[in-house]
K.L.:
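This is the structure, below, for whatever I ask next.
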Amino acid sequence: QVQLVESGGGLVQAGGSLRLSCAASGTVFNVMAWYRQAPGRQREFVARITSGLNTAYADSVKGRFTISRDNARNTVTLQMNSLKPEDTAVYYCNANSPIVINGVRDYWGQGTQVTVSS
């Protein structure tokens with residue numbers, strides 16, 4: 001069974017930091033990513049990292065967020081610094097596998113709430 005389990009969300013003041021982690025299991029993954037969804041808005045891309053450790057970021061988080069990955073442990077981490085109230089959202093871990101299982105190769109975690117107070 002493929003699972004993505006997130007941890008690390010919470011409440012922080014503007015300018016503070018939070019670290020999100022996602023533990024993936026059940027298959028191998030190439031691209032792992034973080035997305036977020038604020039109330040009343042569509043889910044949006046935040047950052048991604050490949051198995052080769054190449055990274056990409058949304059413009060809104062460049063220079064503030066850092067994505068990293070431990071391939072041996074199948075974990076991906078999002079270090080979020082200089083947080084702003086507009087970063088408030090539910091953050092979702094996403095992982096894409098080169099192996100199709102029951103027609104599925106794209107997986108999502110349950111989400112973790114990040115709230116930044118002004």
K.L.:
Identify whether the distance between the nearest side-chain nitrogen and carboxylate oxygen of Lys84 and Asp87 falls below 4.0 Å.
P.N.:
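Salt bridge: no.
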
K.L.:
Any chance you could measure Met32, atom CE, to Asn96, atom CG, to the nearest 0.5 Å?
P.N.:
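It comes to 10.5 Å.
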
K.L.:
Which value, rounded to the nearest 0.5 Å, describes the distance between Thr66 atom OG1 and Ile49 atom CD1?
P.N.:
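Nearest 0.5 Å value for the OG1-CD1 distance: 10.0 Å.
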
K.L.:
Any chance you could measure Thr50, atom OG1, to Phe29, atom CZ, to the nearest 0.5 Å?
P.N.:
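Going from OG1 on Thr50 over to CZ on Phe29, the span is 15.0 Å.
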
K.L.:
Out of curiosity, Ser82 OG to Phe65 CZ, how far, rounded to the nearest 0.5 Å?
P.N.:
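Those atoms lie 9.0 Å apart.
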
K.L.:
Please confirm whether the backbone N or O of Ala72 pairs with a side-chain atom of Asp70, one donor and one acceptor, at under 3.5 Å?
P.N.:
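Pair found, side chain donor or acceptor close to backbone of Ala72.
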
K.L.:
Do the side chain of Gln3 and the main chain of Ser25 share a donor and acceptor less than 3.5 angstrom apart?
P.N.:
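Pair absent, no side-chain N/O of Gln3 close to backbone of Ser25.
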
K.L.:
Flag this pair as yes if the NZ/CZ of Arg36 is under 6.0 angstrom from the six-membered ring centre of Tyr92 and inside a 45 degree cone about the axis; otherwise no.
P.N.:
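Output no; distance or angle outside limits.
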
K.L.:
Take Glu86 and Thr88 through the side chain to side chain donor-acceptor pair (under 3.5 Å) test and state the conclusion after the steps.
P.N.:
CA-CA 5 Å; Glu86 52 263 44; Thr88 295; over 6 Å; no

K.L.:
Are more than 12 heavy atoms, taken from residues, nucleotides or ligands other than Arg69, located less than 6.0 Å from that residue's CZ atom?
P.N.:
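Result for CZ/Arg69: enclosed.
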
K.L.:
With a 4.5 Å heavy-atom cut-off, do Val76 and Cys93 have their side chains touching?
P.N.:
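Heavy-atom side-chain distance check passes, below 4.5 Å.
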
K.L.:
How long is the span from the OG1 atom in Thr112 to the CG atom in Leu20, to the nearest 0.5 Å?
P.N.:
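Going from the OG1 atom of Thr112 to the CG atom of Leu20 covers 6.0 Å.
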
K.L.:
Give, for atom OH of Tyr91 and atom CZ of Arg43, the distance between the pair rounded to the nearest 0.5 Å.
P.N.:
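So the OH of Tyr91 and the CZ of Arg43 are separated by 13.0 Å.
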
